[in-house]
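All values below come from the heavy atoms of this structure, side chains included, with hydrogens, waters and symmetry mates left out.
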Amino acid sequence: MLTINVAVLLVVVVLLRLRRRTQARSRNDEKLTVVIVLVLSVLLAPTAFGQGLLDIVTQLVGGVSGSSR
């Protein structure tokens with residue numbers, strides 16, 4: 001039996017939606033993309049990958065904010 005991880009499926013959907021040209025997108029299309037990305041972030045947040053990604057982003061933001069002073 002084949003199982004599909006919902007997070008992986010949403011990543012594929014987001015990548016396909018973002019490949020389109022900006023001029024070809026309507027407001028509703030952009031709003032739907034934002035909602036899909038938010039759902040993806042909620043699915044990834046409790047995973048080990050999500051926690052590692054959060055640590056990396058935290059370090060990057062800390063480095064950028066520390067270098068701007």
Side-chain angles (χ1 to χ4, degrees):
M1 181 166 179
L2 178 67
T3 59
I4 298 175
N5 189 341
V6 175
V8 173
L9 182 62
L10 283 176
V11 167
V12 171
V13 170
V14 168
L15 290 176
L16 289 175
R17 292 181 69 79
L18 291 178
R19 283 185 37 179
R20 293 176 52 200
R21 290 195 349 243
T22 304
Q23 295 84 4
R25 297 184 202 150
S26 67
R27 283 190 195 266
N28 288 333
D29 195 25
E30 289 178 352
K31 289 178 185 178
L32 181 61
T33 302
V34 169
V35 169
I36 291 171
V37 169
L38 287 174
V39 170
L40 176 62
S41 65
V42 168
L43 288 174
L44 287 179
T47 64
F49 175 75
Q51 293 301 313
L53 196 59
L54 176 65
D55 292 340
I56 291 170
V57 170
T58 303
Q59 289 176 0
L60 284 174
V61 169
V64 169
S65 65
S67 65
S68 65
R69 291 182 188 184

field: Value rounded to 0.5 Å, distance of OG1 in Thr33 from CG in Leu40
entry: 12.0 Å
task: To the nearest 0.5 Å, tell me how far Leu38 CG sits from Leu43 CG.
output: 11.0 Å
field: Other ILVMFWY residues reachable from Val42 by side-chain steps of under 4.5 Å
entry: none
- prompt: Gln51 side chain to Ala45 main-chain N or O, any donor-acceptor pair under 3.5 Å?
  reply: yes
message: Assigning hydrophobic clusters by single linkage (Ile, Leu, Val, Met, Phe, Trp, Tyr; side-chain heavy-atom cutoff under 4.5 Å), is Leu15 placed with Val39?
response: yes
query: Which atoms form the tightest heavy-atom contact between Leu54 and Thr58, and what is the distance?
result: O-OG1, 2.7 Å
Residue among Val12, Val14, Val13, Leu18 satisfying side-chain contact (heavy atoms from CB on, under 4.5 Å) with Leu16: Val12
